[in-house]
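Residue numbers begin at 1 in each chain, while the letters A, B, ... track the order of the sequences.
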Amino acid sequence: MAVSDRPSVRVRIAPSPTGFAHLGTASSALYNLIFARAHDGAFVLRVDDTDVERNRPEYEQVIYEGLHWLGLDWDEGPDKGGPTAPYRQSERLDIYKEHAARLIAEGKAYRCYCTAEELDAERKQAQAEKRPYKYSRRCLLNPPEGRSEFTVRFKVPGGDVKFTDMIRGEMSFDSALIGDFIIVKSDTYPTYNYASPVDDATMNITHVIRGEEHLSNTPYQLMVIDALGYARPQAYAHMPLILANDGSKMSKRKHPELNLLLYREQGYLPEALINYLVLLGWNPGTSQEIFSFDELVKIFSFDRVQHGGARFDWDKLNWINGEYIRALGDDDLARRLRPFLPQLDEATIERAAPALKTRISKLSDAVGLLDYLWTDPLPPALDADAAGRVRDALAALRDAEWEPAAIHEALMRVVEKSGLGPNKTFMPIRQALTGKKISPPIDYTLALLPKDVALSRLARVAGVSD
RNA sequence: GGCCCCGUCGUCUAGUGGCCUAGGACGCAGCCCUCUCAAGGCUGAGAUCGCGGGUUCGAAUCCCGCCGGGGCUACCA
């Protein structure tokens with residue numbers, strides 16, 4: 001077969017701009033991008049903005065921002081155009097209308113004049129009689145007269161709907177259990193299960209990779225594609241859901257971890273988040289856990305994707321993020337730290353970076369370690385002996401060159417003189433400088449502070465005037 | 001309720017009939033290193049493989065039932 005006979009791979013994500021950039025969108029984008037790159041295909045970003053009530057244009061920008069931050073960039077989308085433009089569903093209304101008209105003309109769909117109240121009554125009655133609800137088809141069989149507001153319903157043809165899921169294999173659904181569903185709302189906008197397959201078909205999407213919550217939607221969408229006479233995507237893949245800590249579904253209210261941009265704010269590295277996300281639902285079958293994106297493109301496969309949902313675990317994310325931070329060059333770390341330390345100049349951040357590297361699991365942790373550089377700590381109460389050692393240190397430090405090695409040397413002379421362990425001298429100094437019992441090594445802790453500031457903090461607790 | 005998906009250490013998972021006295025990672029505990037904290041190294045605790053029946057010489061792995069969790073069942077996507 002000639003190369004041109006084989007349709008090149010086209011995948012897509014279809015986020016809805018109804019709130020903050022969603023973690024699930026990132027996860028979905030990741031798998032789609034990996035698949036696209038592995039097959040030299042195109043990655044399409046389509047905006048599913050057919051919910052007039054909840055949709056806000058500014059949220060679209062937030063989605064772009066989140067995806068760009070992660071480096072999950074798309075080849076075609078509303079902002080870049082492409083061969084199957086437009087990529088915003090609100091700009092494709094004519095396409096949905098044409099297709100709906102065709103379905104109605106061919107008897108594959110029909111207008112429904114039922115009111116919300118009537119539908120609700122149907123549903124309640126079914127529930128009371130303990131039988132599964134399916135639309136009664138009243139408007140197909142015996143439509144009410146004299147009404148003008150209508151929706152369009154798809155006439156479910158019946159029979160089994162079969163398709164291939166790249167993760168679960170052959171799937172089969174009995175469409176006799178599915179009622180005629182609405183494809184065009186009374187506000188003339190299409191519903192998700194109608195617009196999505198029309199777009200997938202007209203955008204020549206070859207593989208649909210999305211969250212497991214869409215598995216049961218697939219037969220609906222396939223019936224639409226079939227009725228329209230379009231070729232179906234070659235295959236689907238439904239990725240396991242990301243669950244909350246307690247195994248429940250995440251909700252925007254209770255689970256801030258759904259907000260993609262939160263990870264940037266807290267100082268997670270985009271590469272690390274991606275690495276964590278891919279491990280939440282897939283594993284390589286080896287003990288390797290840290291992967292670059294290019295490695296993922298080479299080794300990822302759907303047959304090793306998990307079938308069940310996975311719980312989100314901050315501890316593991318923090319560990320992975322720490323691994324990435326430790327692997328960073330000092331310059332790189334310093335550069336990434338900058339937005340988190342606006343109080344410090346670049347030179348100070350660069351000097352702090354090496355000592356910070358093994359002590360933070362996310363960039364924002366640096367703040368707690370360095371805030372003594374811009375805030376004056378509460379002086380500790382020291383006993384006479386400790387104050388004496390600080391006094392000795394003060395004297396030794398006065399003439400020392402202000403860099404870690406020289407400071408260390410000067411301090412060790414004080415330690416030797418004291419005849420005690422180093423901590424007996426270092427801890428009071430540490431507390432005088434930072435107000436805390438924890439800090440990077442004492443020589444670094446001192447060197448990061450301007451010499452005069454450091455000495456005056458020591459003098460203050462040593463009971464001598466500086 | 002109906003349909004669908006899933007069920008191995010606390011969590012993410014390896015495992016596709018004998019190599020499993022169930023392996024790894026995170027987390028946790030201890031030790032080493034060490035000026036504190038980390039990082040790093042070593043050691044350890046932690047899973048009767050959801051439960052009950054089968055099939056088989058042999059089952060985490062195959063079959064059935066049950067229970068549990070999740071998804072869909074909207075003029076949300």
Side-chain angles (χ1 to χ4, degrees), chain A residues 14-16 18 48-51 53-55 89 112 114-116 119-120 123 126-127 129-134 149-153 165 167-168 171-174 176-179 181-193 195-196 211-220 238 240-241 243 245-249 276 279-289 304 306-320 322 326 355-361 365 369 408 411-412 415 421-427 429-431 434 436-443 445:
Chain A
S16 294
T18 56
D48 280 14
D49 57 348
T50 58
D51 185 345
E53 292 289 307
R54 295 194 301 152
N55 170 45
Q89 290 191 327
C112 174
C114 294
T115 63
L119 259 14
D120 207 41
R123 233 180 327 259
Q127 204 171 24
E129 293 169 16
K130 292 190 190 290
R131 79 187 141 75
Y133 174 70
K134 251 176 83 174
E149 191 172 280
F150 64 89
T151 61
V152 178
R153 282 185 187 271
D165 184 283
I167 297 166
R168 295 177 179 76
M171 302 293 306
S172 178
F173 289 83
D174 181 2
L177 272 8
I178 298 174
F181 54 95
I182 291 172
I183 59 176
V184 180
K185 304 182 240 179
S186 57
D187 66 3
T188 75
Y189 274 71
T191 58
Y192 166 73
N193 273 333
S196 189
E212 200 197 308
E213 71 266 31
H214 294 300
L215 187 56
S216 319
N217 286 324
T218 307
Y220 291 71
H238 291 93
L241 262 19
L243 272 17
N245 240 299
D246 58 1
S248 69
K249 188 188 180 182
Y276 177 63
L279 243 24
L280 217 50
W282 170 87
N283 76 81
T286 66
S287 58
Q288 184 179 359
E289 295 208 283
R304 293 203 67 86
Q306 223 58 36
H307 293 195
R311 301 179 194 211
F312 188 89
D313 180 18
W314 285 105
D315 284 334
K316 184 94 178 202
L317 204 215
N318 288 338
W319 174 74
I320 289 179
R326 274 166 245 135
L356 250 28
K357 197 181 281 184
T358 59
R359 292 178 173 79
I360 58 176
S361 63
D365 292 342
L369 252 19
H408 184 75
L411 251 24
M412 284 318 286
V415 169
N423 199 37
K424 292 289 187 191
T425 299
F426 293 172
M427 190 51 80
I429 296 176
R430 172 171 287 115
Q431 289 182 276
T434 69
K436 297 168 191 169
K437 289 184 173 174
I438 293 170
S439 87
I442 201 65
D443 40 6
T445 301

Nearest-nucleotide pick for A:D313, side chain only, options being B:C26, B:C35, B:C76: B:C26

Rounded interatomic separation in angstrom, taking NZ from A:K249 and C1' from B:C6: 16 Å

Residue pair A:Y192, A:Y220: steps toward the ring pair (Phe, Tyr, Trp, His ring centres under 6.0 Å) verdict: CA-CA 10 Å; A:Y192 166 73; A:Y220 291 71; 9.8 Å; no

Rounded distance in Å between the P positions of B:U61 and B:G7: 12 Å

Selected nucleotide, minimal atom distance to A:L215 side chain, candidates B:G27, B:A77, B:C4: B:C4

Sugar-phosphate, base or nothing in reach of A:D443, heavy atoms under 4.0 Å: base

Nucleotide opposite B:U61 in a Watson-Crick or G-U pair, distances under 3.5 Å: none

Whole-Å P distance, B:G24 and B:G1: 41 Å

Atom-to-atom span, CG of A:L243 to C1' of B:C12 - whole angstrom: 12 Å

CZ-CZ distance between A:R153 and A:F181, expressed to the nearest 0.5 angstrom: 10.5 Å

Base B:A38 paired with A:T358 side chain (donor-acceptor, <3.5 Å): yes

A:R168 side chain, from C-beta outward: closest of B:C35, B:C6, B:C72: B:C6

A:E289/A:K316 salt bridge by N-O under 4.0 Å criterion: yes

Proximity to the side chain of A:Q306 - top-ranked nucleotide from B:U36, B:C5, B:U13: B:U13

Side chain to side chain donor-acceptor pair (under 3.5 Å) between A:S186 and A:T151, worked out: CA-CA 5 Å; A:S186 57; A:T151 61; over 6 Å; no

Interatomic spacing from CG in A:N55 to CD in A:Q89 - rounded to 0.5 Å: 10.5 Å

Listed nucleotide nearest any side-chain atom of A:R359, set B:C75, B:U36, B:C72: B:U36

Closest nucleotide among B:G71, B:C35, B:C12 to the A:I442 side chain: B:C35

5′-ward residue of the pair A:K130/A:H307 relative to RNA chain B: A:K130

Check: A:R311 side chain, B:C12 base, donor-acceptor under 3.5 Å: no

Sugar-phosphate, base or nothing in reach of A:T18, heavy atoms under 4.0 Å: nothing

Pairing partner (Watson-Crick or G-U wobble, both distances under 3.5 angstrom) of B:A38: none

CA sep, side-chain torsions, deciding dist, call: A:S196, A:H214, side chain to side chain donor-acceptor pair (under 3.5 Å): CA-CA 11 Å; A:S196 189; A:H214 294 300; over 6 Å; no

Contact under 4.0 Å: A:T50 side-chain N or O vs B:A77 OP1/OP2: yes

Between B:C5 (P) and A:N217 (CG): distance, integer Å: 15 Å

Watson-Crick or G-U counterpart of B:G7, or none if no pair lies under 3.5 Å: B:C67

Sugar-phosphate only, base, or nothing, as touched by A:H238 at under 4.0 Å among non-hydrogen atoms: nothing

Nearest-angstrom distance from the residue atom CG of A:N318 to P of B:A38: 15 Å

Sugar-phosphate, base or nothing in reach of A:G281, heavy atoms under 4.0 Å: sugar-phosphate

Of the listed nucleotides B:C26, B:C35, B:C5, the one nearest the side chain of A:E212: B:C5

Touch class at under 4.0 angstrom, heavy-atom based, for A:P440 against every strand present: base

Length of the line joining A:Y189:OH and B:C75:C1', which is rounded to integer Å: 14 Å

Watson-Crick/G-U partner (both atom distances under 3.5 Å) of B:G1: B:U73

Complementary nucleotide of B:U16, counting Watson-Crick and G-U pairs under 3.5 Å: none

Sugar-phosphate, base or nothing in reach of A:F181, heavy atoms under 4.0 Å: nothing

Polar pair under 3.5 Å, donor/acceptor by atom type, side chain A:S186, base B:C75: yes

Proximal nucleotide (of B:C35, B:G70, B:C12) relative to the A:L280 side chain: B:C12

A:D51 CG - B:C75 P separation (whole Å): 13 Å

B:C33 pairs with, by Watson-Crick or G-U criteria that keep both distances under 3.5 Å: none

Selected nucleotide, minimal atom distance to A:R326 side chain, candidates B:C75, B:G40, B:A77: B:G40

For B:G46, the Watson-Crick or wobble counterpart (both distances under 3.5 Å): none

A:F426 CZ - B:U36 C1' separation (whole Å): 11 Å

From CA spacing to verdict: side chain to side chain donor-acceptor pair (under 3.5 Å), A:D246, A:S248: CA-CA 6 Å; A:D246 58 1; A:S248 69; 2.8 Å; yes

Closest to side chain of A:I438, choosing from B:A14, B:A77, B:U36: B:U36

Sugar-phosphate, base or nothing in reach of A:S439, heavy atoms under 4.0 Å: base

Atom-pair distance (CD on A:Q288; P on B:A25), nearest Å: 14 Å

